[in-house]
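First comes the structure, then the notes that go with it.
Below, read A as the first sequence line, B as the second, and so on, with proteins coming before strands; counting in each chain starts at 1. From a predicted model like this one, the values you see are computed outputs, not experimental measurements.
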Protein chains: 2
Amino acid sequence: MSDFNAQPLERLINNFQKLPGVGRKSATRMAYQILGMDKSEAEEFSNAILAVHNQIHRCPTCQNFTEKDVCKICSSEMRDKSVICIVESPRDVTTFEKTREYKGTYHVLHGLISPLDGIGVDQLTVKELLARLNDGSVKEVIMATNPTVEGEATAMYLSRIIKPLDIKVTRLAYGLPVGSSLEFADEVTLFRALKGRTEL
Amino acid sequence: MSDFNAQPLERLINNFQKLPGVGRKSATRMAYQILGMDKSEAEEFSNAILAVHNQIHRCPTCQNFTEKDVCKICSSEMRDKSVICIVESPRDVTTFEKTREYKGTYHVLHGLISPLDGIGVDQLTVKELLARLNDGSVKEVIMATNPTVEGEATAMYLSRIIKPLDIKVTRLAYGLPVGSSLEFADEVTLFRALKGRTEL
């Protein structure tokens with residue numbers, strides 16, 4: 001197909017196709033959109049891609065992405081440093097922050113244990129997590145990995161290392177999504193909701 | 001929402017949201033994908049955006065995008081210069097070329113007449129089209145604008161200017177899409193298919 005488009009356009013289409021959920025047709029539309037932009041707008045886009053790589057690094061404490069020395073959450077006086085919520089990715093931090101309910105800190109694993117994909121503990125930020133737990137200031141660790149096989153396995157593995165340190169380890173509750181209907185709940189979720197029922 | 005993401009990430013998300021069909025969630029996923037790329041890969045992406053603006057310009061003849069002085073089609077010995085197919089956008093040229101059936105040349109209008117959007121003849125490449133028709137070598141002009149209100153109006157307008165030049169003006173056939181079912185054809189299409197019926 002590359003015969004029909006100008007070569008620089010083809011190159012940009014190939015780049016757009018690397019993005020999640022973008023096929024050949026969407027990539028082509030996107031490339032034409034870039035071509036139709038003002039030059040300054042395209043330059044801004046191009047620079048924004050570089051900036052993300054040049055300015056963002058991992059927070060030395062929680063391993064979340066940040067452009068500061070220490071991320072906003074870890075450096076905030078308002079956050080409870082005795083609670084750490086363990087998540088798979090920086091996106092999960094954003095999701096939690098949107099609830100505006102959680103006042104503790106985070107630890108981003110940057111992945112989950114997945115032997116099939118060749119991802120073991122060494123590829124995750126477990127070493128950095130254990131270093132944070134060493135000084136005795138942490139009272140609770142909340143496992144907030146996804147409720148998938150890998151998420152569960154990772155949570156299990158970590159809780160087994162952390163519990164001996166005399167730190168409370170908790171897991172997010174399973175149950176019915178708020179606003180959903182019983183009708184659409186799968187059996188496992190329903191079983192978990194029943195098991196985790198609370199008194200009214 | 002910008003409180004939760006690092007600022008360079010937020011900037012990139014805003015840029016991705018300018019693309020067609022990309023909302024906040026997709027843009028966020030794309031930005032994280034860029035962040036997860038090797039630096040060299042991100043640089044390639046960034047440069048590809050600039051290249052599209054720096055290397056591509058309009059072909060002086062057909063006004064299609066090209067990185068050459070004159071585009072591949074206009075400079076090809078194999079193409080019939082006496083037939084010009086008039087299309088709205090460079091994408092339409094690609095669509096036609098994929099059929100591998102058309103051997104004439106193109107003229108890209110870069111838009112359609114649309115008074116409501118403030119787009120008149122002066123914003124299109126009509127002047128350049130008329131210049132091509134002046135030397136008498138063109139025998140036929142095919143109107144291949146989309147079968148929409150604006151596409152029809154533009155085709156009508158152009159055919160009225162071109163016909164007095166003693167050049168044959170044709171329009172793409174309307175009818176049932178190949179492989180479709182009568183059941184799904186709208187009335188206007190069916191009426192046009194009936195009107196344009198051919199002998200077997």
Next on the checklist: Is Phe16(B) close to chain A through its backbone or its side chain, or both, or neither, when contacts mean heavy atoms under 4.5 Å?
Outcome noted: both

Checklist entry - Do you know which of Leu9(A), Thr66(A), Asn14(A) has the most heavy-atom pairs with chain B at a distance under 4.5 angstrom? => result Leu9(A)

According to a 4.5 Å side-chain heavy-atom criterion applied to Ile, Leu, Val, Met, Phe, Trp and Tyr, with indirect links allowed, do [X] and [Y] form part of one hydrophobic cluster?
X	Y	answer
Val87(A)	Leu112(A)	no
Val126(A)	Leu165(A)	yes
Ile162(A)	Leu124(A)	yes
Ile86(B)	Phe96(B)	no
Ile84(A)	Leu158(A)	yes

Checklist entry - What residues of residues 37-62 of chain B sit under 4.5 Å from chain A when only non-hydrogen atoms are counted? => result Met37(B), Asp38(B), Lys39(B), Glu41(B), Ala42(B), Glu43(B), Glu44(B), Phe45(B), Ser46(B), Asn47(B), Ala48(B), Ile49(B), Leu50(B), Ala51(B), Val52(B), His53(B), Asn54(B), Gln55(B), Ile56(B)

Next on the checklist: Sub-4.5 Å heavy-atom contacts with chain A: which residues of residues 128-143 of chain B show up?
Outcome noted: none

Checklist entry - Any idea which heavy atoms bring Ala6(B) and Phe65(A) closest together, and the distance? => result CB-O, 4.4 Å

Next on the checklist: Checking an interface table here. Which of residues 114-122 of chain A come within a heavy-atom distance under 4.5 Å of chain B?
Outcome noted: none

Item to check | Residue part contacting chain B, namely of Gln33(A), when any heavy atom lies under 4.5 Å | outcome: side chain

Item to check | Segment of Lys18(A) engaging chain B (4.5 angstrom heavy-atom cut-off) | outcome: both

Item to check | Nearest-0.5 Å distance that lies between atom CD in Glu67(B) and atom CZ in Arg11(A) | outcome: 12.0 Å

Item to check | Stepwise side-chain contact (heavy atoms from CB on, under 4.5 Å) test for Val22(B) and Met30(A) | outcome: CA-CA 9 Å; Val22(B) 179; Met30(A) 288 173 180; 3.4 Å; yes

Item to check | side-chain contact (heavy atoms from CB on, under 4.5 Å) involving Ser76(B) - partner list, sequence neighbours excluded | outcome: Met78(B), Arg79(B)

Next on the checklist: Does any part of the side chain of Thr28(B), heavy atoms only, come nearer than 4.5 Å to the side chain of Thr94(A), both counted from C-beta?
Outcome noted: no

